[in-house]
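Reading through the structure tokens given below for one structure.
Quick note: numbers below take in every heavy atom, side chains included, and nothing from hydrogens, waters or symmetry partners.
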Amino acid sequence: MGLGVQVGTEEPLPGTTVAEEPDYSLTRAFPGLGRIADAIQQFEDVLRDFVTIADPETSKKMTRILQQVREVEPSVTVIGQIKAGKTSLINAMIGAPNLLPTDVNPWTSVVTSLHINTPSPELNVRAKFKFFDGVEWDKLVSNGGRIGQLAARAGADDELEKLRLQVVALREKAQARMGRKFEMLLGTEHRYAVLDDALLRRYVCVGDEEQGDNDQGRFTDITKSADLYMDRDDIPIMLCVRDTPGVNDTFMMREQITINAVRDSRSCIVVLSAHQALTTMDMALIRLIAHRQAREIIVFVNRIDELPDPASQVPEIHRAILETLEKNNAPPDIDIIYGSAHWANAVLEGKIDEMTDDSTESAINWTRAAFADKMNTWSAEQLVWHASGVPALLDALGQRMYEGPVHEALQKSARQALNLAQSLDVVDQVRILESDGQLNRTMTTQQLDVELKRVETAAIEKLTHLSDVACKDFTNRIDQSYERFLERATNSLIEHLQANGEDATWHYSPLGLRMLLSSSYQVVLKKMHAIAAEVNNEAAAKIADLYGQTFSITVEGFKIETPVVSYIPPPINLGQTIALDLQVSWWKGWWQRRRGYKAFAQDFYNLIRAETDPIINDLKTIQIGLFRERTQDTLRDFLQEQRELLVSALASSEISMDEMKELFGVNAWEDRQQCLTSIMEDLGAFAE
């Protein structure tokens, strides 16, 4: 887990991987991101070669695929504890030390998406801020937010009243800042052509009323999300980095907001403070990442610059984190990187000489241990830069993005392009045979249409039927697991009260339920992937057979590439906080209001059901529904694409060989054949 470069000790220090810099110059060169840029460029070169030999209709389709590749924007969401230094780390990652304000107040509910090198979808818009609508705002702040809902269900009147008063104060402050515009702004957006610090502070940073700054933080309370567009020459790809509010706030007002942000990204960086990480990881963070694959997660332990002896303290922190992750069923083999956003930003600003004595001593301590073999060859800036962990973090992130979303995007596009190339190759063979008098067409356009409809209908009906069966089985399994969990939890509480009375602490972990639900979901997901693959492969084989029937030929090596089902986000809502997660005194007050332990069993059952029903329904409806929708859309798009190709091939094949040679020239025609063969080989490598 995150073990890095050997530095002369018996074991390497954790989280100290070095990103390669051949000339040892202080450059922001990240091999992981560079690999993505190189792969995309190579693929684009193949597509451009294809366009030069294609007919006008095929060229249009290739241009669409090329645009599809150019729009690949891998994303990463940064989550973490409040005051762990998430925003400072993001500033260092993108090479802009002062871009995002780092003094964001814990009440802030803003997810900030930084779109690096990505063209804005709207002309002359560099910053867009979206406000909560009226319903969202009321849900966010009414009854004490999410924690207030829990308190209300548990009958914790005192706690609920405290929360209510604090939320009322929040609402009044927001209304006072914006006056009559408050209601008018809800549900709207603000757009700007220029991005600067003052602008960001109005929307994502807390206001400083003590200093009389009425403009700073003016819209913070009602801002739901911020989308910022900026260019960075030193980052070689388009990239989206999402900053999120801290997840360990008292009110859990933005837990769902953070959950949605995590769902939208394939990669996730979990930022911990070296001080807080020493004993435990925040449970809310563990729940958020527990249902992702290990390769989608990187843990970055920040603020080691504040440790007096990081060389000896980091291994201790590392062991504590590993124990906590294992104890709480987090994915194994998560990479853990150690560093300091403060050090990275000091290097970027050219201010390492202005660091405090304590920070400087920590940097010397860490670099001597982690980069002993570079002490005589690297400058102070290079040592501090690598000690910050930012180069290793971006390199690891780039590798994950290359292996995940980028590979899948290129694979999908390559298969589409390869099917175009295969279709052209068939048409070429038809023309050659026809010119030799060896071709015998056996199918008309009308007959082909009938056969295609038969293939399409059979494929969609089979996919729907098999998916229905798998989903019904999944629903039955989780319903049974759910009922058993509720019964066990209720019985556990009653037995506890009977044995220990009302004053003893009771806790029942919902970890078992989450594991059962996650396991059931993974089983049905695997089944449905297999179903989609089976149906897609059968449809592809039948369409390939139609080519042979249409032209009465067999082309060596010809096959239809099956489509790639789009990535399905993991069930992040399984990590949502529920009443059983909370170590609070509510339960005592709750059961003291009821007479007899058996009497309130049904009330407790209903309480937990109200808490967990939304999570169960999310699995059964949103998660499974999303997968079904994407598999059906993938199949329909594939069938439509193949219909167009086959019909076009039939029409194109009626152009004579002499006309084609006249169009391309005799030598050009032979060159086209060789080029097409080479292109199919290149596309095949990306399609695997």
Side-chain angles (χ1 to χ4, degrees), residues 28 30 32-34 36-37 40-41 44 66-79 86-102 104 108-132 185 187-205 216-220 222-245 257-258 260-269 341 345 348 390 393-394 397-398 401 405-406 409:
R28 285 172 50 79
F30 308 106
L33 299 181
I36 294 174
I40 292 175
Q41 184 62 56
E44 287 185 2
L66 186 60
Q67 185 60 34
Q68 183 177 285
V69 172
R70 287 174 175 166
E71 291 173 355
V72 172
E73 184 198 47
S75 61
V76 57
T77 294
V78 181
I79 65 173
K86 298 183 301 297
T87 305
S88 293
L89 179 62
I90 289 174
N91 286 344
M93 288 170 61
I94 64 175
N98 299 306
L99 177 67
L100 296 179
T102 56
V104 177
T108 307
S109 306
V110 183
V111 171
T112 304
S113 298
L114 281 167
H115 301 276
I116 313 296
N117 299 329
T118 303
S120 172
E122 300 171 85
L123 187 64
N124 294 327
V125 173
R126 284 284 180 173
K128 182 170 70 173
F129 303 95
K130 187 174 183 179
F131 299 130
F132 289 108
L185 287 171
T188 64
E189 295 179 352
H190 282 180
R191 300 175 179 84
Y192 297 89
V194 178
L195 177 62
D196 58 35
D197 180 75
L199 178 68
L200 292 178
R201 287 184 173 276
R202 288 205 297 274
Y203 290 88
V204 302
C205 190
Q216 179 168 307
R218 183 180 180 189
F219 303 107
T220 300
I222 64 168
T223 303
K224 178 181 180 180
S225 63
D227 284 277
L228 313 177
Y229 296 86
M230 61 183 298
D231 297 326
R232 299 293 307 183
D233 292 337
D234 49 0
I235 294 179
I237 63 171
M238 292 196 300
L239 176 67
C240 177
V241 183
R242 290 190 177 91
D243 191 12
T244 62
I257 297 171
T258 300
N260 291 337
V262 172
R263 190 198 299 268
D264 289 341
S265 292
R266 288 289 295 274
S267 301
C268 181
I269 298 174
N345 285 313
L348 291 169
V390 170
L393 175 62
L394 276 176
L397 181 63
M401 288 177 169
V406 174

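In this structure, Val125 and Tyr192 have side chains that are not in contact, with every pair of non-hydrogen atoms separated by 4.5 Å or more.
The structure places OH of Tyr203 at 7.0 Å from OG1 of Thr223, a figure rounded to the nearest 0.5 Å. The CD1 atom of Ile94 sits 9.5 Å away from atom CG of Asp234, with the distance rounded to the nearest 0.5 Å. How far CE of Met93 is from CG of Leu394: 4.5 Å, rounded to the nearest 0.5 Å. Taken from CG in Leu239 to OG in Ser75, the straight-line distance is 8.0 Å, to the nearest 0.5 Å. Separation of atoms CD1 (Ile237) and CD1 (Ile116) is listed at 10.0 Å; rounding is to 0.5 Å. Taking CD1 of Ile269 as the reference point, atom OG1 of Thr77 lies at 9.0 Å (rounded to 0.5 Å).
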Stepwise, does the side-chain contact (heavy atoms from CB on, under 4.5 Å) test hold for Asp197 with Asn98?
CA-CA 8 Å; Asp197 180 75; Asn98 299 306; 5.7 Å; no
Can Asp227 and Lys130 be said to form a side-chain contact (heavy atoms from CB on, under 4.5 Å), step by step?
CA-CA 8 Å; Asp227 284 277; Lys130 187 174 183 179; over 6 Å; no
Next on the checklist: Please determine whether side-chain contact (heavy atoms from CB on, under 4.5 Å) holds for the pair Lys224 and Phe129, giving the CA-CA distance in whole Å, both sets of side-chain angles, and the decisive distance to 0.1 Å.
Outcome noted: CA-CA 8 Å; Lys224 178 181 180 180; Phe129 303 95; over 6 Å; no
Test ring pair (Phe, Tyr, Trp, His ring centres under 6.0 Å) on Tyr229 and His115 and set out the steps. CA-CA 5 Å; Tyr229 296 86; His115 301 276; 4.5 Å; yes
Does Val78 form a side-chain contact (heavy atoms from CB on, under 4.5 Å) with Thr87? I'd like the steps, not just the answer. CA-CA 9 Å; Val78 181; Thr87 305; over 6 Å; no
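Distance alone, capped at 3.5 Å, places no donor-acceptor pair between the Asn117 side chain and the Met238 backbone. Here the side chain of Arg266 pairs no donor or acceptor atom with the backbone of Val76 at under 3.5 angstrom. Remark: side-chain polar atoms of Asn91 are not paired, donor with acceptor, to backbone N or O of Asn345 under 3.5 angstrom.
The shortest non-hydrogen separation linking Thr244 to Lys86 is O-CE, 3.0 Å. Nearest heavy atoms, Leu199 versus Ala127: CD2-CB, 3.9 Å. Ser113 approaches Cys240 most closely through the heavy-atom pair CB-SG, 4.1 Å. Between Ile36 and Gly398, the shortest heavy-atom contact is CD1-O, 3.6 Å. Pro74 and Pro405 get closest at one heavy-atom pair: CB-CG, 4.4 Å. The shortest heavy-atom contact between Leu100 and Ile90 is CD1-CG2, 4.0 Å.
Leu89 pairs with exactly one of Val241, Asp243, Leu393 by the side chain to side chain contact (heavy atoms under 4.5 Å, CB included) rule, that one being Leu393.
Taking the salt bridge (Lys or Arg N to Asp or Glu O under 4.0 Å) definition, one finds that Arg202 meets it with Asp215, sequence neighbours left out.
At a cut-off of 3.5 Å, with distance as the only test, no side-chain donor of Arg242 or Thr112 sits close to an acceptor on the other residue.
The salt bridge (Lys or Arg N to Asp or Glu O under 4.0 Å) contacts involving residues 116-127 comprise Glu122-Lys128, Glu122-Arg191, Arg126-Asp231, where partners must be two or more places apart or lie in separate chains.
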